[in-house]
Each structure stands twice: as structure tokens, then as C-alpha cells.
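Throughout, numbering of the chain's residues begins at 1 and tracks the sequence.
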Amino acid sequence: MRLSEYFLPLLRENPSEAQIVSHRLMLRAGMIRQSSAGIYSWLPLGLRVLKRVEQIVREEQDRSGAQEILMPTIQPAELWHESGRYDDYGKEMLRIRDRHDREMLYGPTNEEQVTDIVRGAIKSYRDLPKNLYHIQWKFRDEVRPRFGVMRGREFLMKDNYSFDVDAAGAKHSYNKMFLAYLRTFARMGLKAIPMRADTGPIGGDLSHEFQILAETGESEVFCDRAWLNTDILAEEVDYDSDLEPFFRHWTSLYAATDEMHKPDTCPIPSEQLVTARGIEVGHIFYFGTKYSVPLGALVAGPDGEMVPLEMGSYGIGVSRLVGTLIEANHDDNGIIWPDSVAPFSLGLINLRVADARCRAAADALYGKLRSAGVTVLYDDRDESPGAKFAAMDLIGLPDQLILGPRGLAAGTIEWKHRRSGARQDLPIDTAVARFVA
Ligand code: 5CA
């Protein structure tokens with residue numbers, strides 16, 4: 001993409017409404033614009049990152065055996081009357097009436113809707129287990145939307161729902177998601193600590209939140225100091241094996257959110273306990289028959305008896321992750337994208353567009369990189385070098401190639417690694433090969 005043609009409305013000044021660094025940088029880097037409180041438009045650069053995050057989430061859901069569907073954003077109120085949650089959900093739910101005066105709502109979550117789909121389609125334990133996910137916009141009329149996409153009113157969530165015939169099967173489904181979540185966040189270079197959590201309006205009694213430790217986090221969390229030195233890698237584990245040992249291993253170190261942490265009964269000594277702030281990027285729940293009983297989602301079990309489905313639900317804040325990734329990866333000059341989610345992998349800067357030789361060499365390099373499949377943002381604008389360096393650092397692409405008349409005369413181009421700041425002159429002829437995966 002040529003920057004001269006790209007829609008990238010950068011802001012020079014820090015927007016006064018932004019209190020945390022990710023919100024500031026998303027606005028300054030032209031990734032989002034606010035539409036109304038807690039509701040945003042995603043501009044080209046921001047959308048590329050959102051799509052990459054979404055794709056990692058999707059790949060790990062698929063790998064776990066979950067199947068993608070797409071449910072609507074607007075739901076009929078009847079389903080929520082059936083489950084009894086229509087009144088419970090209170091002011092957070094955006095309620096709508098259609099032209100026939102039917103009660104509708106903009107979905108804050110989809111337990112009822114997916115249970116309705118499954119109850120009509122699955123009649124026997126032989127068709128279980130099933131795990132269905134979708135990546136869809138949600139609306140919650142939050143009292144205090146804030147911090148940009150971190151606590152929005154409209155936000156993108158990956159949510160999925162598991163259906164099993166009995167509690168043992170449901171726990172296996174829970175463990176699979178536990179594994180999928182550790183893998184998902186690790187692939188983004190994030191350290192998400194699984195913490196015992198409260199179930200709130202979703203219900204149930206087994207629940208974990210995945211928390212990224214960060215000063216700007218909205219949750220107060222408590223964990224064993226040993227977590228600080230524990231790496232969480234995208235482990236290769238067979239999803240069909242017994243996942244209990246894996247689950248036990250990753251829950252053996254103490255970690256709890258503030259609703260679950262009880263100082264009096266905390267199992268570890270106070271000098272071993274860390275109190276910190278966390279960003280909740282995922283939340284998983286096992287709630288058994290909470291929805292299947294009122295909605296009448298029953299299947300014939302192995303002995304022919306009709307039994308209610310055992311269910312769990314699992315959420316990842318896809319749009320929140322974009323802000324979280326910036327909270328975890330930035331410096332004074334701007335964003336530093338991890339390779340796995342970067343909107344482009346390389347920024348190519350032509351320092352002297354008025355110079356015909358520089359332009360020809362930069363154009364040729366741009367062409368070669370594109371043919372090699374490298375995603376490149378090419379700064380071919382007629383701007384000062386300082387403005388170009390600042391823009392490239394602000395948007396945070398992992399690598400930069402800087403071409404100027406002096407290097408060109410010597411047959412070299414400067415490579416700058418955004419994260420380390422390391423710089424090196426590379427021969428122009430072989431530079432492309434270095435960035436081909
Ligand atoms: N039905 C369940 C799981 S599918 C559910 O709704 N869980 S949740 O309420 O915990 O939300 C799942 C994830 O969505 C959270 O972990 C968080 O990362 C994200 N999320 C929740 N509310 C917001 C919000 N207002 N803005 C941005 N992300 C949010």
C-alpha cells in the first residue's frame with residue numbers, strides 16, 4: 001500500500017479525551033474514530049489489526065474442534081423471557097421495538113439464541129458433543145464506557161458454546177477451551193494468566209478469566225509471585241487426550257480475581273502474593289443446565305431417558321485485545337506491533353521522493369516485496385524525513401527500510417528494527433530476501 005493513497009488520518013497532538021496510552025495511540029495512529037460514547041468506527045489500519053487478531057482466534061477455535069457460525073446481532077426478546085434473563089439484565093441491555101411493536105434487543109451475549117438453535121436440531125446424545133462459535137458485535141449499555149475499545153458499548157466478541165450429554169463431557173469441553181485460550185493469547189505474544197473468577201450474570205460455578213497484568217487494567221487481581229516468571233507458550237497438546245492434568249498444571253499456581261480472592265482463606269502466604277491490575281481478555285464459564293432446563297433443550301441419553309444439555313460458554317474480547325496489545329507493546333514514540341498481529345510487516349520509506357533515482361529504486365523495491373508476498377506500507381509522500389520517521393514509529397510496523405540518496409549511491413538501504421531500535425545497512429540487492437517469510 002502506498003501511503004500517498006492510504007486513508008491514514010494521523011493526529012499530531014494527544015487527544016484530550018484519551019486517558020490511557022492505547023486509546024491515545026489508536027486515535028493518533030488513525031486506527032479508530034469515535035462515533036458516540038463507547039462506539040467506534042474502525043479505519044483501514046485499525047481494521048487490519050482487528051482482522052489479524054480475529055484470525056488467530058478463529059484458527060485456534062478451529063483447531064480445538066469448535067465450528068464457526070454467525071448469529072444475528074438483533075435477537076427476539078421471547079428467548080430471554082424464556083430463560084428469565086430479560087428482566088435480570090437491566091439497563092445494560094439495549095431494548096428495541098420493531099414496527100410491529102415486537103420486543104427485540106441488541107445481543108449482549110448469545111446463550112439463549114444458540115440454545116434455541118441446538119434444541120431444535122439435536123435430539124440424541126449420539127450427536128454430541130458440539131461446540132459452536134461466532135465472532136460478532138455485541139452491545140452492552142455500559143454505565144461508564146471508557147478507555148476507547150477497552151470498555152466499549154459496541155464491541156467485537158468471539159463467543160462459543162459447548163453442548164454435552166453429561167458433566168464429565170462438559171468438563172472436557174471446558175478444558176479444551178482452557179487450552180485453546182492459552183494458545184490464542186500466547187500466539188499474540190501476550191501473557192494471559194488464568195484466574196478463578198466469578199460468573200456474574202452468565203451463571204454457573206466454574207469460571208476462569210484470562211487476565212493480562214497491566215497498570216491500566218480495570219480489574220484488581222491476585223496471584224502467586226511465581227506467575228511473574230512463568231512463560232505461557234502455545235503448547236501443542238492433543239485435544240482428544242485427557243486434558244485434566246494439563247488443566248491442573250495451569251491452575252496449580254494461585255490466581256484469582258477480586259470477587260474470588262478471600263484474604264482470610266487465601267492458600268498462599270502474603271509475601272508470596274502479588275496484588276496487581278489486570279485486563280480481562282477472555283472469560284470461560286461452565287454453567288451446566290442453567291439455560292437448557294428453562295429452554296427445554298433436552299436430548300435422549302444412552303439409556304433413552306431425556307436429559308438437559310450440559311453447557312458452557314466462552315468469550316474473548318476481540319476488539320479489546322487490540323487495545324490490550326498496545327498497552328503491552330509501545331514506547332514513547334508509539335506502537336510496537338508483535339509480528340503476529342502487525343497491520344503490515346514492513347514500512348518502506350523513501351526519504352527523497354523528488355529525486356528520480358531514489359523514486360525508481362524505492363518503487364522497484366516496493367514491487368519486489370509485494371511480489372514476494374510481504375505486506376508493505378510504502379511512504380512515498382512528499383514529506384520531511386522527520387515527519388516520515390515519526391509516522392512510521394507511531395504506527396509501529398515491526399521493521400522499517402529507509403532509502404535515501406546516500407545509501408543508494410553506496411548500493412545500500414537502512415533497516416531499522418522498531419522494537420530494539422537496532423539499525424543496519426543492507427545491500428539493496430539482497431534486502432528483499434531478508435523479509436520473505
Ligand atoms: N457469554 C459469555 C461468554 S461467551 C460472556 O459474555 N462473557 S463476558 O461477559 O465475560 O465477555 C467476554 C469477553 O468480552 C470479556 O472477557 C471481555 O474481554 C470482553 N468484553 C466484555 N465486555 C466488554 C466491553 N464492554 N468492551 C470490550 N470488551 C468487552
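Judged purely by atom type and a 3.5 angstrom limit, Gln113 has no side-chain atom pairing as donor or acceptor with the backbone of Thr73. Between the side chain of Asp380 and the backbone N or O of Ser4 there is at least one donor-acceptor pair closer than 3.5 Å. In this structure, Ser162 contributes its side chain and Met311 its backbone to no donor-acceptor pair below 3.5 Å. For His261 (side chain) and Ala256 (main-chain N/O), no donor-acceptor pair under 3.5 Å exists by modelled atom type.
Distance CD/Glu259 to CE/Met195: 12.0 Å, rounded to 0.5 Å. Annotation: the span from Ser252 atom OG to Asp224 atom CG amounts to 9.0 Å, rounded to 0.5 Å. A distance of 12.0 Å separates CE of Met157 from CG of Leu321, quoted to the nearest 0.5 Å. Rounding to the nearest 0.5 angstrom, the gap separating the CG atom in Leu403 from the CG atom in Leu365 is 7.0 Å. Atom CZ of residue Arg357 and atom CZ of residue Arg352 lie 10.5 Å apart, to the nearest 0.5 angstrom. The structure places CD of Gln136 at 10.5 Å from CD1 of Ile69, a figure rounded to the nearest 0.5 Å.
Between Val353 and Arg381, the closest side-chain pair of non-hydrogen atoms is not below 4.5 Å. Residues Lys416 and Leu401 are not in side-chain contact: their nearest non-hydrogen atoms beyond the backbone lie 4.5 Å or more apart. Side chains of Asp425 and Ile413 form no contact here, defined as non-hydrogen atoms less than 4.5 Å apart. Looking at Glu235 and Phe246, their side chains come closer than 4.5 Å, going by heavy atoms from C-beta outward. Two residues are said to be in side-chain contact when any heavy atoms from C-beta on lie closer than 4.5 Å; Glu209 and Arg196 fail this criterion. Met31 is not listed as a side-chain neighbour of Tyr40, based on a closest heavy-atom distance of 4.5 Å or more. Side-chain contact check for Ile326 versus Met26: some heavy-atom pair is nearer than 4.5 Å. Between Arg277 and Glu220, some side-chain heavy-atom pair lies under the 4.5 Å cut-off.
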**Message:** Checking His208 against Tyr314 for the side-chain hydrogen bond (donor to acceptor under 3.5 Å, both in side chains) test, could you report, in this order, the C-alpha distance in whole Å, the side-chain angles of both residues, the deciding distance, and whether it holds?
**Reply:** CA-CA 10 Å; His208 286 87; Tyr314 315 88; over 6 Å; no

Given Asn160 and Asn131, is the side-chain hydrogen bond (donor to acceptor under 3.5 Å, both in side chains) satisfied, shown in steps?
CA-CA 7 Å; Asn160 60 315; Asn131 194 329; 2.9 Å; yes

Check: Should Glu244 and Arg248 be marked as a salt bridge (charged side-chain N to carboxylate O under 4.0 Å, His left out) after you check the CA-CA gap, both sets of side-chain angles, and the distance that decides it?
Finding: CA-CA 6 Å; Glu244 260 317 291; Arg248 275 201 295 273; 3.6 Å; yes

| message | salt bridge (charged side-chain N to carboxylate O under 4.0 Å, His left out) for Glu218 and Arg151? Distances and angles first, verdict last. | response | CA-CA 9 Å; Glu218 289 189 282; Arg151 179 159 301 276; 2.8 Å; yes

- prompt: Between Arg153 and Glu142, does a salt bridge (charged side-chain N to carboxylate O under 4.0 Å, His left out) hold up when you go through it step by step?
  reply: CA-CA 6 Å; Arg153 291 199 296 165; Glu142 301 274 354; over 6 Å; no

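For Ala234, the side-chain contact (heavy atoms from CB on, under 4.5 Å) test picks out Arg183, Ala186, Arg187, with sequence neighbours left out. Partners of Ser16 under the side-chain hydrogen bond (donor to acceptor under 3.5 Å, both in side chains) rule, at least two apart in sequence or in another chain, do not exist in this structure. Glu54 is linked by a salt bridge (Lys or Arg N to Asp or Glu O under 4.0 Å) to Arg58, counting only residues two or more places apart in sequence or in another chain. Scanning for salt bridge (Lys or Arg N to Asp or Glu O under 4.0 Å) contacts around Arg12 gives an empty result, with sequence neighbours left out. By the ring-ring contact (aromatic ring centres under 6.0 Å, His included) test, Tyr291 pairs with Phe287, sequence neighbours left out. Here Arg119 pairs with Glu82, Asp116 under the salt bridge (Lys or Arg N to Asp or Glu O under 4.0 Å) rule; sequence neighbours left out. The ring-ring contact (aromatic ring centres under 6.0 Å, His included) search around Tyr378 returns Tyr366, not counting sequence neighbours. Residues meeting the salt bridge (Lys or Arg N to Asp or Glu O under 4.0 Å) test with Glu112, sequence neighbours left out: Arg85. Every residue was checked against the ring-ring contact (aromatic ring centres under 6.0 Å, His included) condition with Tyr239, not counting sequence neighbours, and none meets it. Residues satisfying the side-chain contact (heavy atoms from CB on, under 4.5 Å) test with Met392, not counting sequence neighbours, are Ile349, Asp379, Ile395, Leu397, Gln400. Scanning for ring-ring contact (aromatic ring centres under 6.0 Å, His included) contacts around Trp337 gives an empty result, with sequence neighbours left out. Under the side-chain contact (heavy atoms from CB on, under 4.5 Å) criterion, Gln424 pairs with Trp415, Leu426, Arg434, sequence neighbours left out.
Donor-acceptor pairing under 3.5 Å is lacking for the side chains of Ser207 and Tyr286. Between the side chains of His417 and Ser420, a donor-acceptor pair is found at a separation under 3.5 Å. Of the N and O atoms on the side chains of Arg418 and Asn333, not one donor lies less than 3.5 Å from an acceptor on the other residue. Judged by distance alone, the side chains of Glu111 and Thr109 do bring a donor and an acceptor atom under 3.5 Å apart. Between the side chains of Glu280 and Ser219, no donor-acceptor pair of N or O atoms lies under 3.5 Å. Under the 3.5 Å distance criterion, with hydrogens and angles disregarded, no donor-acceptor pair is assigned to the side chains of Tyr106 and Asp141. Counting only N and O atoms by type, the side chains of Asp159 and Tyr161 include a donor and acceptor under 3.5 Å apart.
Between Asp363 and Arg2 there is a salt bridge, since a side-chain N of the basic residue sits under 4.0 Å from a carboxylate O of the acidic one. Salt-bridge check for Arg140 with Glu154: failed, with every basic side-chain N at 4.0 Å or more from each acidic carboxylate O.
Remark: Arg48 is positioned above the aromatic ring of Phe344, its terminal NZ or CZ atom under 6.0 angstrom from the ring centre and at most 45 degrees off the axis. Both tests hold for Arg95 against Tyr86: distance to the six-membered ring centre under 6.0 Å, angle to the ring axis within 45°.
By the 30° and 60° cut-offs, the orientation of the rings of Phe210 relative to Tyr181 is tilted. The aromatic rings of Tyr174 and Phe247 lie perpendicular to each other, with more than 60° between the two planes, well past the 30° mark.
Closest approach of Pro72 to Asn110, counting heavy atoms only: O-ND2, 4.0 Å. When all heavy atoms of Arg419 and Ile336 are compared, the pair lying nearest together is NH2-O, 3.4 Å.
In summary, of the residues considered (Leu179, Ile193, Thr230), a side-chain contact (heavy atoms from CB on, under 4.5 Å) with Trp250 occurs for Thr230 alone.
With ring centers used as reference points, Tyr89 lies under 6.0 Å from Trp80.
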